[in-house]
Amino acid sequence: MTFDTLGLRPESLRAIADQGYTQPTPIQTQAIPAVLTGQDLLAAAQTGTGKTAAFVLPILQTLHATRAKGPVRVRALVVVPTRELALQVEASLRTSGAHRPVRSAAVFGGMRLDRQVRALRKGDEVVVATPGRLLDHVRQRTIDLSHVEILVLDEADRMLDMGFIHDIKRILQLLPAERQSLLFSATFEPRIRRLAEDLLREPVSIDVAPRNATAAPIRQIVHPVDRHQKRHLLAHMLRRDAGQTLVFTRTKRGANRLAEQLGKAGISAAASHGNKSQSQRVRAGDAFLGGH
Ligand code: AMP
């Protein structure tokens, strides 16, 4: 399966190639054509399945295809549980829209409201928001949701866990009845099905991730090996395939010992666990993210 059979335009395909994706993930294969035809969608997909691009790519394309002259209005709204996810979705909008950009903004708690207001005033076609902060903007009349054509509820199960159900219901009342709605959740538990019944019209239903399944891009390999050979095998594999690597050990002492042994073998490694101070853990995390 390749991306060019899904109905995406050349600009989207170029952005996909830029990101180094060669094959669509199962959720992308199923969701992209459905979203492009304007249908509602109920998708069970965990983080790591490629679900963000599964809605970002077709939404960008739809917005471009149906763009009219006139003032910039909020035409797509993505509601997410956390600031981290808001930033991730916004980053995906930027990379996937590299060759046909849309104006987008992320609004979430913890950032100054006035700064977000200034950003919103410029006009955005896509807003990615956490529920509480979105309603703050509605109350302050700094956002107008009456022209939303596409709604995405991302990680809906987490939003319900975090007690956002009333905020979500309020947001739904502010949107035009005539719209496309997409609901993403890690599970199809009864409360998600109830929300889906309220929200979606004859949705296409996709279930790519049975509970406890490993996320699609992750390959699992078992190497049976004697205990005393383990660290040599690990060092060998790390040398061969020297990318950033997370290694989990059973004990904190085991982590310390392994980091030391890897260091002696010339492989830069740091241990991180509950006996380390916060600053030591932050340092290890920063070094890891920085690729050291
Ligand atoms: P998500 O499930 O949206 O959080 O995506 C998980 C990760 O998979 C992200 O780092 C994406 O950049 C990456 N990803 C998304 N689609 C693909 C694809 N078709 N091929 C390879 N990686 C992908």
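Both counts, for ligands and for their atoms, begin at 1 and track the order of listing.
For ligand 1 and Gln23, the ligand atoms under 4.0 Å from any heavy atom of the residue are 18 (C), 19 (N), 20 (N). Atoms of ligand 1 lying under 4.0 Å from any heavy atom of Gln88, numbered from 1 in the order shown and given with element: 4 (O). Every atom of ligand 1 with a heavy atom of Thr52 under 4.0 Å away is listed here by number and element: 1 (P), 3 (O), 4 (O). The Thr49 neighbourhood of ligand 1 comprises atoms 2 (O), with distances under 4.0 Å to a heavy atom of that residue.
Between Tyr21 and ligand 1, at least one N/O pair is under 3.5 Å apart. Looking at ligand 1, you won't find any N or O of Ala53 less than 3.5 Å from one of its N or O atoms. Considering backbone and side-chain atoms together, Pro24 places no N or O closer than 3.5 Å to any N or O of ligand 1.
For the pair Arg158 and Asp161, the salt-bridge criterion is not met [side-chain N within less than 4.0 Å of a carboxylate O]. Here Glu90 pairs with Arg94 in a salt bridge; the nearest charged N to carboxylate O distance falls below 4.0 Å. Here Asp154 pairs with Lys51 in a salt bridge; the nearest charged N to carboxylate O distance falls below 4.0 Å.
Between Ile59 and Ala76, the closest heavy-atom pair is CG2-CB, 4.0 Å. Nearest heavy atom pair, residue Ser96 against residue Ala15, reads O-CB, 3.3 Å.
The residue Gln19 has no part lying near ligand 1, judged by heavy-atom distances below 4.0 Å. Contacts between Phe3 and ligand 1 below 4.0 angstrom, taking non-hydrogen atoms only, involve the side chain exclusively.
Distance NE2/His223 to CD1/Ile221: 5.0 Å, rounded to 0.5 Å.
Considering only non-hydrogen atoms, atom 15 (C) of ligand 1 lies nearest to Gln28 out of Glu155, Gln46, Lys51, Gln28.
Using a distance-only test at 3.5 Å, with no hydrogens or angles considered, a donor-acceptor pair links the side chain of Asp40 to the main chain of Arg201.
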